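Residues take their numbers from the sequence shown, with the count starting at 1. Being a predicted model, the structure only gives us computed values, none of them experimental.
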Amino acid sequence: MNALTLPDVASQNTLQALPLEWVGMCGIALPVVIDGQRLSATADAGVSLDDSEARGIHMSRLYLALEVLESQELNPLLLKKILQRFLDSHDDLSISAYLRIHTHVLLKRPALVSPLSGWKSYPVSIDAAVKNGMFHVELKTEVIYSSTCPCSAALARQLIQQKFMDDFANKSLQHAEVLSWLGSSRGIVATPHSQRSTAYLQLRMNTELPDIPLIPIIDMAESALGTAVQTAVKRADEQAFALANGQNLMFCEDAARRLNVALKASPGVIGFDLKVVHAESLHSHDAVAESRWNWESQ
Ligand SMILES: Nc1nc2c(ncn2[C@@H]2O[C@H](COP(=O)(O)OP(=O)(O)OP(=O)(O)O)[C@@H](O)[C@H]2O)c(=O)[nH]1
């Protein structure tokens with residue numbers, strides 16, 4: 001049998017000499033390890049094709065460089081090593097390298113009062129690049145919370161005051177009667193509207209950190225908002241949640257400002273672009289606010 005050499009089209013010259021900004025593969029299925037958990041993920045791996053004459057890059061070399069992700073904790077050093085391997089294996093072709101990893105982290109969350117707990121899933125993307133000789137790592141995640149409109153709350157309180165004036169006009173106040181009135185929908189005639197809301201966080205991370213502090217950042221964002229959505233709830237938990245909402249009345253601007261202050265104080269965060277979306281129940285459109293710090297698009 002003749003031993004044939006396999007044709008290698010990628011190593012040929014192209015007919016249209018032109019460099020390309022990004023060439024690679026999107027949606028590669030693989031496991032990654034974050035905070036000790038092995039998670040199902042997809043990766044987008046690419047390099048720039050700076051040699052304008054070269055027909056193509058070597059996809060398999062990028063693919064194989066991802067193998068370490070299945071056994072080693074995903075941290076800035078590991079990402080840097082993988083990107084360096086992308087570049088080393090495309091020595092004569094590429095000067096920039098890119099790796100995006102998309103996954104979901106599951107965190108067990110306790111109820112506010114009862115001993116119950118349940119799981120919450122947070123979408124996470126980690127975006128690493130070597131561009132112009134600089135190494136960057138960005139973290140994207142989303143936090144879902146409840147926001148009760150402060151204006152609606154004030155308007156509802158005014159209606160309750162008005163009802164109180166009407167019901168108790170020219171009457172001496174009896175403790176038991178007022179208590180019963182306060183506990184009835186006859187007295188508390190109005191309630192404010194609230195909405196399920198989402199904070200989209202895009203953070204530039206310090207690349208010298210030993211780990212990406214994903215869970216501390218999610219915890220910090222939820223604590224700054226004060227009304228993260230719950231998992232398993234009994235009535236006692238729901239009552240505590242009603243109190244948390246009442247104590248954390250929020251326009252979208254308030255939520256964006258709270259997150260801005262908290263993220264600036266978060267170790268490892270060196271810049272961010274955040275957006276909060278309040279899916280209004282007053283309207284069929286959303287209320288949205290954005291805030292940035294040390295941010296310019298790469
Ligand atoms: N560059 C490129 N390769 C593609 C594309 N679609 C599929 N491939 C295939 O990806 C496979 C892997 O390419 P290489 O990494 O260059 O494979 P190889 O030449 O066997 O590996 P090396 O010896 O390391 O270069 C080849 O069979 C390509 O045909 C594409 O759009 N662009």
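Contact check on R109 versus D219 returns a salt bridge, with a Lys/Arg side-chain nitrogen under 4.0 Å from an Asp/Glu carboxylate oxygen. Between E67 and R85, none of the side-chain N atoms (NZ, or NE/NH1/NH2) sits under 4.0 Å from a carboxylate O, so this pair counts as no salt bridge.
Smallest separation of non-hydrogen atoms from A244 and G226: CB-O, 3.7 Å. Considering all non-hydrogen atoms of both residues, W181 and I160 come closest at CH2-O, 3.6 Å. Here the closest heavy-atom approach between residue M59 and residue M25 is recorded as O-CE, 3.2 Å. Summarising the geometry of E73 relative to D35, their closest heavy-atom pair is OE2-N, 2.5 Å, with the distance given to 0.1 Å. L49 approaches A54 most closely through the heavy-atom pair CD2-O, 3.8 Å.
Neither side chain, H102 nor T42, offers a donor N or O lying under 3.5 Å from an acceptor on the other. Between the side chains of N248 and T227, no donor N or O sits under 3.5 Å from an acceptor N or O.
Aromatic ring centroids of H278 and Y145 lie under 6.0 Å apart.
Exactly one residue among R204, R100, K131 makes a salt bridge (Lys or Arg N to Asp or Glu O under 4.0 Å) with E138. That residue is R204. Evaluated for a side-chain contact (heavy atoms from CB on, under 4.5 Å) with L74, the options T103, L79, V33 yield exactly one hit, L79.
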